[in-house]
Q: 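The structure's right below; bear with me while I get my questions together.
Within every chain, numbering begins at 1; the chains are lettered A, B, ... in the order of the sequence lines, protein sequences first and strands thereafter.
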Amino acid sequence: MAALTLAPGLVYYPDYLDQQAQQSLLDDIRDIVRQAPLFTPSMPKTGKPFSVRMSNCGPLGWVSDVQGYRYQPDHPVTHNPWPPMPARLLAAWRELSGFAADPDACLINYYASDARMGLHQDKDEAEFSAPIVSLSFGATALFRYGLTEDKPSPTKSVRLRSGDAIVFGGPFRLVYHGIDRLFPGTSTLVPSDGRINLTLRKVTAVA
DNA sequence: CAGTCTCG
DNA sequence: CCGG
């Protein structure tokens with residue numbers, strides 16, 4: 001498994017999942033989304049909708065609405081508990097995270113071809129010693145990162161392709177990151193040049 | 001708290 | 001493309 005360290009704590013694994021593994025995980029995600037439909041998050045205060053649509057699996061899920069950002073155990077629309085995390089997702093976390101405890105949340109981000117995600121930090125978790133593990137499916141995306149406390153601007157970019165994994169922890173656990181754009185015609189795995197990103201998180205404090 | 005927004 |  002080839003690992004490229006882009007910065008201390010920021011590790012990129014090109015082609016982490018082969019075609020077979022991507023398809024199997026995507027089948028898992030399809031089942032999850034049938035039970036926990038994609039919802040459209042909105043910004044706190046302003047209520048401006050995100051272009052990315054979301055769902056979750058695992059004990060906790062990340063949501064955002066006028067009330068704020070938070071993790072909660074139920075779907076914001078159906079109010080059902082999030083579906084369990086598939087075994088093969090847990091396996092990926094165990095292989096990539098180097099963290100003893102299993103994740104308690106997996107955010108499912110669905111990008112239509114014109115969806116974007118502005119620069120942000122993942123900081124709604126209580127356990128910053130655990131890394132964020134990200135898996136990409138479908139269209140290639142321009143991932144931009146930078147601006148940590150240790151190492152301020154400027155930002156850099158890397159293209160995330162279907163099957164790639166990226167892990168950020170340690171000094172880059174709170175790195176600012178976002179998706180500037182998708183590249184059409186780069187994959188047929190997700191219909192209509194779309195992209196799905198899975199991010200695994202340890203939300204609750206372990207100690 | 002809210003810049004995971006939009007806009008120049 | 002880039003920003004924080």
Q: Measure from OH on Tyr145(A) to P on dG3(C) and round the result to the nearest Å.
A: 12 Å
Q: Establish, yes or no, whether a centroid distance under 6.0 Å links the rings of His75(A) and Phe39(A).
A: yes
Q: OP1, OP2 of dC2(C) versus side-chain N and O of Ser157(A): anything below 4.0 Å?
A: yes
Q: If you group Ile, Leu, Val, Met, Phe, Trp and Tyr by side-chain heavy-atom gaps below 4.5 Å, do Leu160(A) and Val52(A) land in one group?
A: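 Yes, it is one cluster - the side chains of Leu160(A) and Val52(A) are joined through contacts under 4.5 Å.
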Q: Linking I/L/V/M/F/W/Y whenever any side-chain heavy atoms sit under 4.5 Å apart, do Leu135(A) and Tyr111(A) land together?
A: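 Result: no, two separate clusters.
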Q: Ser136(A) and Arg195(A): side-chain donor and acceptor closer than 3.5 Å?
A: yes
Q: Provide, to the nearest angstrom, the distance between the NE2 atom belonging to His120(A) and the P atom belonging to dC5(B).
A: 9 Å
Q: Could you tell me the separation between the CG atom of Asp180(A) and the P atom of dT6(B), rounded to a whole number of Å?
A: 14 Å
Q: Arg144(A) side chain N/O closer than 4.0 Å to the phosphate oxygens (OP1, OP2) of dG3(C)?
A: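 So the side-chain polar atoms of Arg144(A) do come within 4.0 Å of the phosphate oxygens OP1 or OP2 of dG3(C), strictly under.
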Q: For Gly68(A) and Val52(A), find the nucleotide of DNA chain B closest to each by heavy atoms; which residue's nucleotide sits nearer the 5' end?
A: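 This one resolves to Gly68(A).
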Q: Which nucleotide in the set dG3(C), dA2(B), dT6(B) lies at the smallest distance from any side-chain heavy atom of Lys48(A)?
A: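 Out of dG3(C), dA2(B), dT6(B), the nucleotide with an atom closest to Lys48(A)'s side chain is dT6(B).
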Q: In residues 190-205 of chain A, which ones come under 4.0 Å of DNA chain C, going by heavy atoms?
A: none
Q: From CE of Met117(A) over to C1' of dA2(B), roughly how many Å is that when rounded to an integer?
A: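 Between C1' of dA2(B) and CE of Met117(A): 14 Å.
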Q: Of the nucleotides dC1(C), dG3(C), dA2(B), which has the atom closest to the Leu142(A) side chain?
A: dC1(C)
Q: When the distance from CG of Leu119(A) to C1' of dT6(B) is rounded to whole Å, what number comes out?
A: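 Rounded to the whole Å, the gap is 13 Å.
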Q: Report yes or no: does Trp93(A) contribute a side-chain atom to a donor-acceptor pair with the main-chain N or O of Ala101(A) at less than 3.5 Å?
A: yes
Q: Relative to Phe168(A), does Arg173(A) satisfy both conditions: NZ or CZ under 6.0 angstrom from the six-membered ring centre, and within 45 degrees of the ring's axis?
A: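 No, cation not above the ring by the 6.0 Å, 45° rule.
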Q: Do you know the tightest heavy-atom contact between Gly47(A) and Ser42(A)?
A: O-CB, 3.4 Å
Q: Taking CH2 from Trp62(A) and P from dA2(B), how many angstroms apart are they, rounded to a whole number?
A: 14 Å
Q: Let's test your reading of the pairing rules: Watson-Crick or G-U wobble, both distances under 3.5 Å, then write DNA chain C as a dot-bracket string with ( ), [ ], | and dots.
A: .||.
Q: To the nearest angstrom, how far is Phe143(A) atom CZ from dC1(C) atom P?
A: 16 Å
Q: Checking base pairs now: Watson-Crick or wobble, both atom distances under 3.5 Å. What partners dA2(B)?
A: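 dA2(B) is unpaired by these criteria.
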Q: Let me see the working for Arg161(A) and Asp15(A) under side-chain contact (heavy atoms from CB on, under 4.5 Å), right down to the final yes or no.
A: CA-CA 8 Å; Arg161(A) 297 184 306 142; Asp15(A) 300 311; 3.4 Å; yes
Q: Please give me the minimum heavy-atom distance between Leu189(A) and Gln23(A), naming the atom from each residue.
A: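 Looking at all heavy atoms of both residues, the shortest contact is CD1-NE2, 3.4 Å.
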Q: Rounded to whole angstrom units, what separation is found between the CZ atom of Arg70(A) and the P atom of dC1(B)?
A: 15 Å
Q: Please walk me through it: do Met54(A) and Tyr110(A) pass side-chain contact (heavy atoms from CB on, under 4.5 Å)?
A: CA-CA 6 Å; Met54(A) 299 181 172; Tyr110(A) 168 71; over 6 Å; no
Q: Looking at Arg201(A) and Glu125(A), is there a salt bridge between them, counting it only when a charged N and a carboxylate O are closer than 4.0 Å?
A: yes
Q: Among residues 159-169 of chain A, which contact DNA chain C at a heavy-atom distance under 4.0 Å?
A: none
Q: From the list dG3(C), dA2(B), dC1(C), which nucleotide is the closest neighbour of the side chain of Pro44(A)?
A: dA2(B)
Q: Which residue, Ser51(A) or Gln67(A), contacts DNA chain B at a nucleotide closer to its 5' end, judged by nearest heavy atom?
A: Gln67(A)
Q: Please check: side-chain N/O of Asp104(A) versus main-chain N/O of Val203(A), any donor-acceptor pairing under 3.5 Å?
A: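 Here the side-chain-to-backbone pair exists.
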Q: Side chain of Phe50(A) only, heavy atoms from C-beta on: which candidate in dC2(C), dC5(B), dA2(B) is closest?
A: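 The nucleotide sitting nearest to the side chain is dC5(B).
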